[in-house]
Peer 1: 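I am attaching a structure below and will ask some questions about it afterwards.
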Amino acid sequence: MPEGPELHLGSLYVNKMCAGVVFTGPVRKSEVSKSPDVPFTCEAYRITASSRGKEVKLRLTPMKSDDSKQRSKAGQADQTMDVVFRFGMSGYFRFTSEDELPKHSHLCFYSKETPCRVLSFVDTRRFGSWQANGTWQPDRGPCIMFEYESFRKNVVTHLSDRAFDRPICEVLLNQKYFNGIGNYLRAEILFRLNIPPFVPARSVLEGLESEDLCENEKPLKTEIKDEKTSDRVKTVKEETGDLLRLCHTVPLEVVNQGGKELWFNGDPGPMAPKDLKSPKAKKRAKKTEDHDYTDKKKGAKGGSKSTPKKKVVKQETKTAKKEIEKSEEMVSPQKKKRPAARGRKTSSAEPAAGPEKRSGRVTRQSSK
DNA sequence: CGTCCACGTCTAC
DNA sequence: TAGACCTGGACGG
């Protein structure tokens, strides 16, 4: 599930799982995939991965063979090939035995073992894609996580671009400048800084330095108490740093959490799940498991393992696209599990029914 | 059963 | 700036 952090965790997963593994033969594509063939085949090759923003690159490296005859065999690669992936809404990598191939595996790399194992690109919805002999997409900007300085510079030096005429919540999704930011991250970042989503991007960004002056400062935390909300005092923890810095640090935070989504610190609140007894909790846990890139032991009860890390619950500060684009309510601090689903784009289609989904969240009615 | 929703691009009007 | 592209989970009747 793919914003920048997940893509990067995907690359870590590949490197970890495929370290020392020798692959062989052709790269195979599913029947149904519309992405291009990957014309690579090799008796023995290795796979490594790297990421940049919302892309992952797999490098297929043929192993040296002193048998020159083998080399001359038809269709044998002797050069490395890069395959660049975008994950769409549902892409991820898995390394499994052949008979455990996940449903919706669309590109498969086979290990030279018996029984063999398979690195596969899994993508339920098929919005993802890849390019053989690929390069990082030229229109995408520097990685928010791993090319921080050039990312900053790229934004700061292009503020006259018409792209920045738009509201900040939209601009944060522009991969030309914010390669790696997605819907959840933009919401989280704007929320942490308390920036109204529809202020013009340029007005938020102008005045920021292309060098991050905070770079060496400790990210001290300040507490802002809002007395206005009478019934519940909302406490906002805010890290030091400007918007561009948070576009860097928040995704890294997610990476460091092992991709277990966005978490909160401190008191989880009285309704925090305590075990996996409830069917709901089980489902949730399973779902999370499906998409985390950390090592899982088969059969190990995921939830019962007590991590020394602070255990947390998904915060889902997220504000659905339509939501954020309609009104300014991301201010509601603690969203629940499911994002409060808002009405349709053109309300005309909407019956009079309340737009809230059952996890009924604060979403105040749009002032529209 | 049906409707709505989902961490993202793409390209056609 | 809407759709289009997809599958499947959650929920409602």
Side-chain angles (χ1 to χ4, degrees), chain A residues 1-10 30-35 51 53-56 84-92 102-106 122-131 137 139-141 144-145 163 165-167 169-170 172-176 178-189 250-251 253-255 257 259-263 278-288 290-293 314-326 335-351 353-361 363:
Chain A
M1 318 183 39
E3 295 180 33
E6 288 82 8
L7 281 272
H8 182 244
L9 287 162
S30 76
E31 288 294 316
V32 69
S33 171
K34 290 172 183 164
S35 283
S51 79
K54 254 182 258 183
E55 295 182 304
V56 167
V84 173
F85 292 80
R86 265 149 279 133
F87 280 15
M89 294 285 276
S90 56
Y92 60 97
K103 203 177 174 186
H104 304 295
S105 294
H106 294 302
V122 187
D123 182 11
T124 308
R125 299 181 68 184
R126 274 182 274 146
F127 293 170
S129 61
W130 62 79
Q131 190 62 61
Q137 248 184 197
D139 299 345
R140 309 183 77 102
I144 49 164
M145 291 175 291
D165 293 354
R166 326 236 69 228
C169 65
E170 279 178 38
L172 285 177
L173 296 180
N174 185 340
Q175 302 298 297
K176 186 173 175 184
F178 296 90
N179 187 7
I181 299 294
N183 191 30
Y184 286 176
L185 282 170
R186 69 152 175 195
E188 177 70 16
I189 290 163
V250 174
E253 222 179 279
V254 177
V255 170
Q257 292 289 344
K260 302 256 198 273
E261 315 167 64
L262 293 173
W263 309 98
S278 86
K280 246 188 192 170
K282 274 184 197 160
K283 260 188 200 167
R284 258 203 62 66
K286 188 170 186 189
K287 195 170 180 179
T288 305
D290 281 347
H291 284 284
D292 86 47
Y293 288 106
K314 180 158 192 184
Q315 182 175 9
E316 201 98 350
T317 1
K318 148 170 207 224
T319 314
K321 226 184 260 173
K322 288 125 198 173
E323 239 178 299
I324 192 176
E325 258 138 39
K326 284 249 140 177
K335 291 262 183 176
K336 244 335 192 42
K337 156 100 236 279
R338 276 272 149 237
R342 287 320 304 301
R344 304 246 33 97
K345 18 196 103 178
T346 331
S347 50
S348 56
E350 193 71 10
E356 322 239 293
K357 271 230 155 173
R358 167 224 50 276
S359 52
R361 236 20 292 180
T363 75

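Side chains included, hydrogens not; waters and symmetry mates left out as well; all remaining heavy atoms used. Residue numbers start from 1 in every chain, and the chains themselves are labelled A, B, ... in the order their sequence lines are given, proteins ahead of strands. None of the values given here were measured: they were computed from a predicted structure.
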Peer 1: To the nearest 0.5 Å, what is the distance between CZ (A/Phe85) and CD (A/Gln131)?
Peer 2: 10.5 Å
Peer 1: Atom CG of A/Asp139 and atom P of B/dT9: how far apart are they, to the nearest Å?
Peer 2: 12 Å
Peer 1: Could you check how far CZ of A/Phe87 sits from C1' of B/dC7, rounded to whole Å?
Peer 2: 12 Å
Peer 1: A/Glu55 side chain to A/Gly4 main-chain N or O, any donor-acceptor pair under 3.5 Å?
Peer 2: no
Peer 1: Calculate the interatomic distance between A/Tyr92 atom OH and C/dG8 atom P; express it in whole Å.
Peer 2: 11 Å
Peer 1: If the P atom of B/dC13 is compared with that of C/dC5, how far apart are they to the nearest Å?
Peer 2: 12 Å
Peer 1: Any donor and acceptor pair, going by atom type alone, linking the side chain of A/Arg186 with main-chain N or O of A/Leu172 inside 3.5 Å?
Peer 2: no
Peer 1: For A/Arg125 and for A/Gln175, find the nucleotide of DNA chain B with the closest heavy atom, then tell me which residue's nucleotide is more 5'.
Peer 2: A/Arg125
Peer 1: Nearest-Å distance, CZ (A/Arg126) to P (B/dT9)?
Peer 2: 19 Å
Peer 1: From CD of A/Glu170 over to C1' of C/dT1, roughly how many Å is that when rounded to an integer?
Peer 2: 10 Å
Peer 1: Pairing of DNA chain B as dot-bracket, 5' to 3': ( ) intra-strand, [ ] crossing, | other strand, . unpaired, with Watson-Crick or G-U pairs under 3.5 Å?
Peer 2: ||||||.|||||.
Peer 1: Anything under 3.5 Å between a protein N or O and an N or O of nucleotides 10-13 of chain B, put it in a table, one pair a line.
Peer 2:
| from | atom 1 | to | atom 2 | distance (Å) |
| --- | --- | --- | --- | --- |
| B/dC10 | OP1 | A/Arg86 | NH1 | 2.5 |

Peer 1: Could you walk me through whether A/Arg140 and A/Lys54 satisfy the side chain to side chain contact (heavy atoms under 4.5 Å, CB included) test, starting with their C-alpha distance in whole Å, then the side-chain angles of each, then the deciding distance to 0.1 Å, before giving a yes or no?
Peer 2: CA-CA 9 Å; A/Arg140 309 183 77 102; A/Lys54 254 182 258 183; 3.1 Å; yes
Peer 1: Decide whether A/His106 and A/Ser33 meet the rule of one side-chain donor and one side-chain acceptor closer than 3.5 Å.
Peer 2: no
Peer 1: Closest approach to the side chain of A/Lys54, judged atom by atom: which nucleotide of C/dG8, B/dC7, B/dT9 is it?
Peer 2: B/dT9
Peer 1: Please tell me if the side chains of A/Val32 and A/Arg126 come closer than 4.5 Å, counting only heavy atoms from C-beta onward.
Peer 2: yes
Peer 1: Calculate, to the nearest 0.5 Å, the distance between atoms OG1 and OH belonging to A/Thr124 and A/Tyr92 respectively.
Peer 2: 5.5 Å
Peer 1: Using atom P in both nucleotides, what's the gap between C/dG13 and B/dC5 to the nearest angstrom?
Peer 2: 15 Å
Peer 1: Please confirm whether the shortest side-chain N or O distance from A/Arg186 to OP1 or OP2 of B/dG8 is below 4.0 Å.
Peer 2: no
Peer 1: Would you measure the distance from the C1' atom in B/dC7 across to the matching atom in C/dT1 and give it in whole Å?
Peer 2: 22 Å
Peer 1: B/dC5 C1' sits how many Å from A/Tyr184 OH, rounded?
Peer 2: 10 Å
Peer 1: Between atom CD in A/Gln131 and atom P in B/dT9, what is the gap in whole Å?
Peer 2: 16 Å
Peer 1: Please check the phosphate of C/dG8 (OP1 and OP2 only) for any side-chain N or O of A/Lys103 closer than 4.0 Å.
Peer 2: yes
Peer 1: A/Leu173 has an atom CG; how far is it from atom C1' of B/dG8, in whole Å?
Peer 2: 9 Å
Peer 1: State, with a plain yes or no, whether a side-chain heavy atom of A/His8 is found less than 4.5 Å away from one of A/Pro5.
Peer 2: no
Peer 1: Does A/Leu7 offer a backbone N or O that forms a donor-acceptor pair with the side chain of A/Ser51 under 3.5 Å?
Peer 2: no
Peer 1: Just by modelled atom types, is the A/Glu3 backbone N or O under 3.5 Å from a matching donor or acceptor in the A/Glu6 side chain?
Peer 2: yes
